[in-house]
Amino acid sequence: MGVVTSRIVDAGWLRSRLSDPGVVVVEVTNTPGFEPDQSTIAGARTVYWKDLLWHRSRREFASARVLADRLHALGADTTSTVVFAGEPTQFAAYAIWVAAAVGVGGDLRYLDGGLPAWRGSDPEPDAAPPAADAGSHVPVAAPLPQIPPRHDELVVGRDEVRAAIESPIAIVDLRSPEEYSGLRVAPLTEPIDHGAERAGHIPGARSLPVQDLLDEHGLLRPVAEIRERVAALGIERAEEVIAYCRLSHRAALGWLVFTDLLDDHRVRVYDGSWTEWGSLVGAPIED
């Protein structure tokens with residue numbers, strides 16, 4: 001669709017810049033065990049999302065220093081434009097959201113449609129350079145800058161979610177209709193239906209399946225169509241919007257869409273999402 005905003009770029013934009021040493025592509029995947037040079041995009045580096053974004057042993061984000069160092073090890077520095085390419089696509093939005101929440105700055109971009117869309121795009125003849133060898137990824141400058149974290153502006157916890165029920169704060173569920181209705185606790189793309197002890201949704205949550213924001217190729221729909229879908233939720237008067245899904249990846253994509261495409265900065269993401277809420281003792285649910 002040719003979307004280019006401050007953080008959203010398409011395959012054509014990236015293909016025209018692959019030979020630019022200032023552009024670093026990081027493929028964020030849901031598959032552990034990948035070697036950094038097992039990339040789909042020529043010259044990119046591949047990383048399992050938890051290895052990049054989470055603390056090694058605790059269920060929390062990596063610190064700004066640690067995340068900046070990890071990105072530095074993947075070839076990024078203070079002058080880089082870092083393009084995250086997700087598989088699935090929402091993992092790239094999650095990376096940008098986590099970076100913003102912990103205080104990692106720099107020019108961070110989201111590749112529209114991620115790796116599935118990249119594979120389905122039509123490259124210009126001879127547009128893509130040959131894959132670079134591992135040695136070319138050794139950074140020579142400082143890692144990405146650290147900035148004051150925006151954690152409280154972007155992230156909510158379970159206590160804030162509980163307080164938001166039946167309040168002027170809107171809660172938006174970006175999971176699939178099957179998850180929202182309580183038929184499943186995981187999306188149909190998961191081979192095993194797991195991730196929480198109970199099925200359903202947070203009381204009062206409005207359903208906005210992330211697939212409604214994407215077309216059949218996994219690309220973001222035109223802004224007018226997205227705006228229409230969001231308007232149907234009836235949340236225009238809400239003081240704040242809390243977005244959640246199962247692990248907060250799809251909710252992070254919702255956050256990126258709201259902020260970058262709709263210029264709506266009310267959204268914060270429930271980090272624990274349904275994986276936490278659906279297993280909390282005493283947490284209310286609807287189905």
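Since we're looking at a predicted model, the values are computed, not measured.
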Practice task
Evaluate side chain to side chain contact (heavy atoms under 4.5 Å, CB included) for V155 paired with F61, printing each intermediate quantity in order.
Solution key: CA-CA 11 Å; V155 184; F61 301 149; 4.2 Å; yes
Exercise for the section: Check the pair V28, E87 against side chain to side chain contact (heavy atoms under 4.5 Å, CB included), reporting the backbone distance first and the verdict last. Expected result: CA-CA 6 Å; V28 186; E87 187 162 38; over 6 Å; no
Practice task
Evaluate the criterion side chain to side chain contact (heavy atoms under 4.5 Å, CB included) for residue pair F84 and T89; output intermediate values, then yes/no.
Solution key: CA-CA 9 Å; F84 292 108; T89 187; over 6 Å; no
Practice task
Check the pair V83 / V26 against side chain to side chain contact (heavy atoms under 4.5 Å, CB included), numbers first and verdict last.
Solution key: CA-CA 6 Å; V83 181; V26 176; over 6 Å; no
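Partners of D51 by salt bridge (charged side-chain N to carboxylate O under 4.0 Å, His left out), not counting sequence neighbours, listed by chain and number: R56. For the ring pair (Phe, Tyr, Trp, His ring centres under 6.0 Å) test, no residue two or more places apart in sequence or in another chain qualifies with F258.
The two residues V102 and A64 come nearest to each other via the heavy atoms O-CB, 3.4 Å. In plain terms, the two heavy atoms of R221 and I226 that are nearest each other are O-CD1, 3.3 Å. Of all the heavy atoms in R266 and A238, the pair that sits closest is NH1-O, 2.9 Å. The shortest heavy-atom contact between L144 and G106 is CD2-CA, 4.5 Å. Contact record, C245 with S273: N-OG, 3.1 Å, taken as the closest heavy-atom pair. For Y94 against L247, the heavy-atom pair with the smallest separation is CE1-O, 4.1 Å.
Between L154 and W97, the closest side-chain pair of non-hydrogen atoms falls below 4.5 Å. Contact check for S121 versus R119: no side-chain heavy atoms found under the 4.5 Å cut-off. Counting only heavy atoms from C-beta outward, the side chains of V25 and L18 approach each other to under 4.5 Å. The shortest distance between side-chain heavy atoms of L71 and L52 falls below 4.5 Å. Counting only heavy atoms from C-beta outward, the side chains of L183 and E179 never approach each other to under 4.5 Å. Counting heavy atoms from C-beta outward, L214 and L219 have side chains that stay 4.5 Å or more apart. By the 4.5 Å heavy-atom criterion applied to side chains, L253 and F91 are not counted as neighbours. When side chains are defined from C-beta on, L213 counts as touching L174, because their heavy atoms get closer than 4.5 Å.
The ring-ring contact (aromatic ring centres under 6.0 Å, His included) analysis of residues 188-208, with sequence neighbours excluded, yields the pairs Y180-H201. Sorted by first and then second residue, the salt bridge (charged side-chain N to carboxylate O under 4.0 Å, His left out) pairs with a member in residues 156-172 read R158-E276, E160-R268; sequence neighbours excluded.
Interatomic distance, NZ of K50 versus CG of N30, reported as 8.5 Å (0.5 Å rounding). Note: R70 CZ to L74 CG = 10.0 Å, rounded to the nearest 0.5 Å. Between the NE2 atom of H249 and the CG atom of L53 there is a distance of 7.5 Å, given to the nearest 0.5 Å. Within the model, atoms OG of S80 and CG of L108 stand 10.0 Å from one another, a figure rounded to the nearest 0.5 Å. The CG atom of L115 lies 5.0 Å from the OG1 atom of T40; values are rounded to the nearest 0.5 Å. A distance of 11.0 Å separates CD in Q90 from CH2 in W49, rounded to the nearest 0.5 Å.
Between Y48 and W54, the ring center distance fails the sub-6.0 Å criterion.
The closest donor-acceptor contact from the side chain of H72 to the backbone of A141 lies under 3.5 Å. Judged by distance alone, with hydrogens and angles left aside, the side-chain atoms of D10 form no donor-acceptor pair with the main-chain N or O of D112 at under 3.5 Å. No donor-acceptor pair under 3.5 Å is formed between the side chain of R58 and the backbone N or O of E60. Using modelled atom types, one side-chain atom of S181 and one backbone atom of E178 make a donor-acceptor pair closer than 3.5 Å.
A salt bridge links R246 with E190; the closest basic N to acidic carboxylate O contact falls under 4.0 Å. Between D271 and R59 a salt bridge is recorded (basic side-chain N to carboxylate O distance below 4.0 Å). Ion pairing of D152 with R150 is absent here, as no side-chain N (NZ or NE/NH1/NH2) approaches a carboxylate O to less than 4.0 Å.
Grouping Ile, Leu, Val, Met, Phe, Trp and Tyr residues whose side-chain heavy atoms lie under 4.5 Å apart, directly or via other members, leaves L188 alone, with no other cluster members. Hydrophobic cluster membership of V161, counting Ile, Leu, Val, Met, Phe, Trp and Tyr whose side-chain heavy atoms lie under 4.5 Å apart directly or via other members: V156, I165, I169, I171, V185, I202, I242, Y244, Y270, W274, W277, L280, I285.
Tracing side-chain contacts under 4.5 Å through hydrophobic residues (I, L, V, M, F, W, Y), one never reaches L67 starting from I147; they form parts of separate clusters. By the criterion of side-chain heavy atoms lying less than 4.5 angstrom apart, applied directly or through intervening Ile, Leu, Val, Met, Phe, Trp or Tyr residues, V66 is not grouped with V82; the two fall into different hydrophobic clusters.
One side chain, T259 or R7, offers a donor N or O that lies under 3.5 Å from an acceptor on the other. A donor atom on one side chain and an acceptor atom on the other are not found under 3.5 Å apart for T29 and E27.
Within a 6.0 Å sphere centred on CD of E197, heavy atoms belonging to other residues, nucleotides or ligands number 12 at most.
The cationic atom of R15 (NZ for Lys, CZ for Arg) lies less than 6.0 Å from the six-membered ring centre of W118 and within 45° of the ring axis.
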